[in-house]
Amino acid sequence: MAAERYNAPDREKHWRKVWEDAQIDRSQMDEALPKYYVLEMFPYPSGRIHVGHVRNYVMGDVIARYMRARGYNVLHPMGWDAFGLPAENAAIERKVHPKTWTYENIAAMRSQLKGIGLSLDWSRELATCDPEYYAQQQRLFVDMFKRGLVYRKKSKVNWDPVDHTVLANEQVIDGRGWRSGAVVEQRELSQWFLKITEYADDLLAALDTLDRWPDKVRLMQRNWIGRSEGLLMQFPLEGDALPEGQETLEVFTTRPDTIFGMSFCAISPDHPLATALAKKDTKLKAFIDECHRMGTSTEEIERAEKQGYDTGLKVAHPFRKAKFPVYVANFILMDYGTGAIFGCPAHDQRDLDFARKYKLKVKPVVIPEGEDPKSFDVGSEAYTGPGRIANSSFLDGLSVEEAKDEVAKRLEKRGEGKRKVNYRLRDWGISRQRYWGCPIPIIHCEKCGAVPAATLPVLLPEDVSFDKPGNPLDRHPDFTHVACPSCGGDARRETDTMDTFVDSSWYFARFCSPHATVPVERDMVDYWLPVDQYIGGVEHAILHLLYSRFFMRAMSTTGHVDLAEPFAGLFTQGMVIHETYRDEDGKWLSPDEVRFTGNDASDRRAVTVDGGRPVTIGAAEKMSKSKRNTVDPDHFTAHFGADTARWFMLSDSPPERDVLWTEEGVQGAWRFIQRLWRLVDEAASQGAPLGAKRPEKFGPAADELRRAAHRALDAVSRNIQNLRFNTAVAAIYDLANKFGAALQGQKSAADEGLDWALRESGELLVQMFAPMMPHLAEECWARLGYHSLVAKQPWPEVEKALLVDDKVTIAVQVNGKRRDELLISRDASTADLEAAALKLDGVQRAIEGRAIKKIIVVPQRIVNVVA
RNA sequence: GCGGACAUGGCGGAACCGGUAGACGCAACGGACUUAAAAUCCGUUUCCCGUAAGGGAGUGAGGGUUCGAGUCCCUCUGUCCGCACCA
């Protein structure tokens with residue numbers, strides 16, 4: 001009797017209710033149990049979850065359910081990265097208060113997430129815009145302030161002169177504000193910084209200890225921190241225009257060995273010397289203004305065409321009687337080193353491009369092995385490799401390293417040079433001139449300076465309006481006018497809010513005691529931290545992860561925790577992508593608006609659903625609202641259920657890679673769910689009854705099935721543990737195929753113990769897919785006669801004896817080419833293998849009577865006959 | 001510009017430490033069941049030659065190390081990602 005079709009949406013609702021009543025996902029500290037903290041990067045509450053979120057959280061959920069079954073005390077919480085720009089945009093565009101907008105979004109997304117059957121401890125939910133949360137963040141800020149980890153300095157921002165607002169880099173499009181279209185200016189503002197550079201060395205060194213992080217992320221962080229050893233050099237300056245008090249130019253270089261190849265010096269447009277010169281030189285002023293229109297990102301600065309302005313000043317070479325021009329150049333970053341360089345065009349690509357443009361001398365001084373110093377020429381590509389120094393007076397013949405050292409020694413002796421370790425890493429600017437963020441708890445007093453607010457929290461006022469440009473906090477009198485906590489005089493409250501990266505730099509610690517009246521409770525963080533498995537997008541590989549690592553160190557300094565590394569294990573998952581569709585006018589179409597007409601895969605064509613107009617099928621891209629290639633999880637689960645989505649997300653594509661969302665793939669997952677349900681149903685009726693006694697002996701079919709089941713269990717366990725979900729899925733498919741075949745076999749011929757083996761492997765099968773398709777698993781578990789929850793079962797044990805076969809198939813090669821194979825006892829000796837291999841027809845044919853030179857035998861693997 | 005990653009059938013991908021390349025899924029094709037369709041079940045499917053047995057080629061391109069290379073080394077090509085105020 002065939003089973004009824006499995007009604008996923010209906011049954012899933014039922015089981016979610018059962019789980020909730022049983023509180024399967026509540027976590028409580030328990031010193032007696034080993035803990036396991038699994039966390040997915042919390043989402044920004046944009047309003048709807050998308051399938052990309054689903055993939056992220058399902059992976060974490062599989063781990064959480066698996067580790068729970070393995071006997072761990074699992075913490076698996078969820079929260080909201082709820083401050084940020086989009087809420088303010090919504091306020092401006094739709095006249096809805098950021099708070100209202102955000103909390104409505106959170107409510108919508110929470111209910112969507114609950115529909116996926118994630119085993120999350122919702123009692124720990126937090127949103128970073130909850131006063132309960134950001135009040136504690138302000139405490140942390142004040143503690144860091146008191147420890148000297150916070151300071152203020154001037155820094156550049158993108159300024160929109162029409163909207164009177166600071167723009168994010170992504171809001172600057174071709175040098176103009178995205179909303180106003182006004183040409184963006186760069187402005188200097190006083191901003192708050194966190195001293196991440198204080199920990200630069202440790203952040204770098206400790207990367208080596210993060211052995212459960214992807215190598216590429218560690219490498220990206222290493223490069224980001226960018227430690228380099230070099231030399232600070234003082235060049236005497238001369239020239240009529242030389243401003244007073246600026247008689248020397250300090251540059252930082254990592255290549256002092258190339259000093260004899262220098263042909264110019266260049267300073268940043270923001271260098272104090274440039275600013276001073278510009279006061280009298282209107283052309284220079286114009287050039288600097290031009291540079292400021294470029295944008296603040298490193299990418300733009302470095303990619304722009306190299307341009308310079310000759311200041312007329314000269315620097316003297318430290319070892320020669322030669323003078324070189326000083327340029328203001330658009331590719332010199334004020335934030336790195338001293339904002340000034342000496343240019344050696346032959347051995348630096350940027351310098352070379354610049355030199356070619358301004359017809360400056362290019363003199364090679366590092367000669368690669370095998371090249372003649374007299375004829376060596378760099379052409380259009382600078383030579384940055386190793387070699388011998390030439391054309392360099394006392395440095396001639398030295399290696400690059402020796403020359404660096406020699407130059408440093410000589411200049412240090414003269415007091416014109418100093419060795420220095422420089423970092424590319426800069427201190428973290430956290431000031432944002434925006435409303436929807438955590439207020440920086442500082443009060444500015446004319447007498448006392450910047451003083452931390454005495455009473456915390458500093459709450460965001462809610463009576464604000466966005467009908468005027470700029471930050472509404474600036475024009476909120478009650479908020480800004482306060483008494484100085486130190487002297488009691490009139491003072492002004494800081495109106496900048498914090499970068500939202502601050503919010504996400506410690507939320508994982510807050511989850512350990514989400515409602516505490518201190519930032520973190522020590523016994524809780526000591527028990528739960530570090531996060532054992534952190535899962536999220538690779539786009540956070542640098543900033544979020546580095547800031548969080550910094551925060552743990554800073555919080556250790558302030559005594560809140562005692563731990564440097566927040567994430568013991570890190571996994572970066574790929575995106576969910578989908579084809580894109582456009583009509584004749586180039587307008588983006590959503591998948592629902594498109595109908596396919598082609599006959600097969602090679603002839604895929606599409607037309608619009610409404611009028612049959614032709615549709616261009618575009619490349620699969622990251623799902624985005626603007627390209628309309630998103631899939632709505634709600635719509636989807638209402639029809640196929642959450643398990644289908646979960647299974648599909650885990651199948652096929654390796655989790656670190658992008659996964660292509662396709663209708664066929666969804667159908668495949670859906671079919672498999674139905675198939676599993678039928679198989680379990682049949683096993684329940686044809687297999688041995690619940691609790692039947694294990695037979696003494698098994699026939700060949702039963703034995704084979706049991707081997708398949710235990711092999712699959714072994715593979716699934718290892719694959720889940722290594723987050724290789726796609727191969728775990730393959731192992732389950734494989735077992736389902738063999739299980740189906742065994743069921744068929746049982747109908748045609750009885751085999752000793754097969755009914756018992758069917759029950760055993762059926763139960764194992766259900767337990768194996770339970771972390772991935774938990775709803776279906778409960779339904780199957782009940783069908784198998786159980787009144788317990790599979791979610792509460794311990795993970796089954798593999799019977800190791802069943803993993804080992806007594807016979808193995810060994811490939812036999814002749815001269816490295818596979819010619820035949822050998823089925824032979826597992827512990828056959830080398831001599832046995834040699835003898836058996838030589839007897840094979842395929843081997844004899846391939847040898848063609850030639851003499852055998854050598855036979856390579858790797859037991860249980862391969863025989864290679866060399867003839 | 002700088003930095004990083006990736007490349008295997010028609011498609012997504014598998015292959016532990018260098019040891020039978022293509023597991024598993026999708027698509028396609030053939031068959032069974034059905035009045036029919038859907039669903040389901042069985043089979044085939046890297047390419048070329050061959051009815052077959054069998055042989056040849058094959059993991060982006062070129063070279064190298066090795067008895068043996070998808071895997072290690074060098075060179076090249078292509079694609080994707082990040083670059084400090086998006087989160």
Side-chain angles (χ1 to χ4, degrees), chain A residues 2 5 41-44 46 81 83-86 155 157-158 166-172 191 214-217 219-220 222-224 226 296-306 331 335 349-350 353 424-426 428-434 499-501 503-504 537-544 546-547 575 600-602 651-654 656-660 662 664-665 667-669 671-672 674-675 678 718 724 726-727 729-734 736-737 740 744 809-822 842 845 853-856 858 860-866:
Chain A
R5 259 167 101 74
M41 292 179 184
F42 67 163
Y44 179 79
S46 57
D81 191 10
F83 274 135
L85 218 41
S155 172
V157 294
N158 298 308
V166 173
L167 298 176
N169 280 339
E170 71 154 20
Q171 295 175 317
V172 181
Q191 312 216 52
D215 287 342
K216 69 167 176 180
V217 173
L219 189 61
M220 282 162 93
R222 190 165 288 128
N223 291 334
W224 189 257
T296 55
S297 79
T298 318
E299 182 194 2
E300 283 173 291
I301 291 167
E302 290 191 1
R303 212 172 7 206
E305 195 194 344
K306 307 278 175 292
F331 65 99
D335 290 317
Q349 191 59 44
R350 290 162 301 183
D353 295 343
R424 211 183 71 98
L425 181 69
R426 313 199 293 255
W428 176 14
I430 61 156
S431 294
R432 298 292 182 268
Q433 295 69 37
R434 311 194 191 288
D499 179 4
T500 56
F501 272 124
D503 311 341
S504 55
V538 71
E539 65 273 22
H540 293 291
I542 298 174
L543 293 183
H544 163 56
L546 191 62
Y547 291 154
M575 296 180 300
D600 56 57
S602 61
S651 306
D652 292 352
S653 290
E656 69 278 9
R657 254 191 250 179
D658 290 350
V659 62
L660 179 65
T662 63
E664 291 78 13
Q667 292 294 340
R671 273 201 305 268
F672 186 58
Q674 297 298 341
R675 183 154 158 247
R678 278 195 307 274
R718 277 184 293 114
R724 307 189 35 176
N726 58 321
T727 48
V729 162
I732 289 170
Y733 266 113
D734 206 24
N737 290 342
Q744 290 301 313
T809 309
I810 286 174
V812 181
Q813 299 180 331
V814 175
N815 293 336
K817 280 203 167 128
R818 184 186 162 279
R819 293 297 174 183
D820 213 327
E821 60 182 31
L822 199 54
R845 230 189 346 258
K853 291 182 191 142
K854 196 168 160 191
I855 302 180
I856 287 137
V858 184
Q860 296 174 45
R861 287 216 179 270
I862 207 161
V863 177
N864 189 8
V865 180
V866 186

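To find a chain, count down the sequence lines: A is the first, B the second, and so on, and within it residues start at 1. On a predicted model such as this, the values are computed, not experimentally measured, just so you know.
- Base pairing analysis places B/G22 opposite nothing; no Watson-Crick or G-U wobble pair with both distances below 3.5 Å involves it.
- When distances are taken from the side chain of A/Asn158 to each of B/C85, B/G4, B/G19, the shortest belongs to B/C85.
- Between A/Thr662 and A/Arg861, the one whose closest nucleotide on RNA chain B sits nearer the 5' end is A/Arg861.
- Heavy atoms of A/Trp428 sit nowhere under 4.0 angstrom from any nucleic acid atom.
- Straight-line distance between the C1' atoms of B/G54 and B/C72: roughly 34 Å, to the nearest whole Å.
- Using a 4.0 Å heavy-atom distance criterion, A/Arg819 is classed as a sugar-phosphate-only contact.
- With values rounded to the nearest 0.5 angstrom, A/Arg432 atom CZ is found 3.5 Å from A/Asp499 atom CG.
- For B/G58, the OP1/OP2 oxygens have no side-chain nitrogen or oxygen of A/Arg818 closer than 4.0 Å.
- Only the P atoms considered, B/U79 is 27 Å distant from B/C86, to the nearest whole Å.
- Summarising the geometry, atom OG belonging to A/Ser651 is positioned 8.5 Å from atom CG belonging to A/Asn726; distances are rounded to the nearest 0.5 Å.
- Here the side chain of A/Arg424 is nearest to one of B/A87, B/C24, B/A84, namely B/A84.
- Comparing B/G58 with B/C47, their C1' atoms are spaced 8 Å from each other, to the whole Å.
- Rounded to whole Å, the separation between the P atoms of B/C67 and B/G13 comes to 35 Å.
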Going 5' to 3' through nucleotides 65-76 of chain B and flagging B where a protein heavy-atom sits under 4.0 Å of the base, S where only the sugar-phosphate is that close, and - otherwise, we get --BS--------
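- Counting non-hydrogen atoms under 4.0 angstrom, A/His540 reaches a base of the nucleic acid.
- Taking only side-chain nitrogens and oxygens, A/Ser653 never comes nearer than 4.0 Å to OP1 or OP2 of B/G12.
- Residue-level contact check: A/Ile810 touches neither bases nor backbone, having no heavy atom under 4.0 Å from any strand.
- Base pairing analysis places B/C2 opposite B/G82; the two distances defining the Watson-Crick or G-U wobble pair are each below 3.5 Å.
- Closest to the side chain of A/Leu425, out of B/A14, B/A84, B/C24, is B/A84.
- In terms of position along RNA chain B, the nucleotide closest to A/Thr727 lies nearer the 5' end than the nucleotide closest to the other residue of the pair A/Thr727 and A/Leu85.
- Contact check, A/Lys817 against B/G56: no side-chain N or O comes under 4.0 Å of OP1 or OP2.
- Contacts of A/Lys306 with the nucleic acid, taken as non-hydrogen atoms under 4.0 Å apart, are absent.
- The separation of B/A21 from B/A15, taken at their C1' atoms, amounts to 7 Å, rounded to a whole angstrom.
- For A/Arg5, the listed nucleotide lying nearest its side chain is B/A39; candidates were B/A84, B/C24, B/A39.
- Within the nucleic acid shown, A/Phe501 comes within 4.0 Å of at least one base atom, counting heavy atoms only.
- At a threshold of 4.0 angstrom between heavy atoms, the contacts of A/Gly665 with the nucleic acid are absent.
- Here, B/U71 and B/C81 have their C1' atoms 24 Å apart, quoted to the whole Å.
- Put simply, the side chain of A/Gln433 and the base of B/C85 share a donor and an acceptor less than 3.5 Å apart.
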Can you check each nucleotide of nucleotides 40-54 of chain B against protein heavy atoms at under 4.0 Å and return B for base, S for sugar-phosphate only, - for none, in 5' to 3' order?
SS------------S
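- Side chain of A/Arg426, nearest nucleotide from B/G25, B/A84, B/C26: B/A84.
- One cannot find a donor-acceptor pair under 3.5 Å joining the base of B/C2 and the side-chain atoms of A/Arg350.
- Among B/G25, B/G82, B/C85, the nucleotide with an atom closest to any side-chain atom of A/Ile542 is B/G82.
- Look at the P atom in both B/A27 and B/U75: the space between them is 43 Å, to the nearest Å.
- When the P atom is compared between B/G9 and B/G60, the two are found 7 Å apart, to the nearest whole Å.
- In a base pair of the Watson-Crick type (N1 to N3 plus N6-O4 or O6-N4) or a G-U wobble (N1-O2 and O6-N3), with each distance short of 3.5 Å, B/C41 is matched with B/G31.
- Taking only distance into account, the side chain of A/Asp652 meets the base of B/G12 through a donor-acceptor pair shorter than 3.5 Å.
- Side chain to side chain, A/Asn864 and A/Arg818 fail the donor-acceptor criterion of an N or O pair below 3.5 Å.
- Using N1 to N3 plus N6-O4 or O6-N4 for Watson-Crick, or N1-O2 and O6-N3 for G-U wobble, each under 3.5 Å, B/C72 pairs with B/G64.
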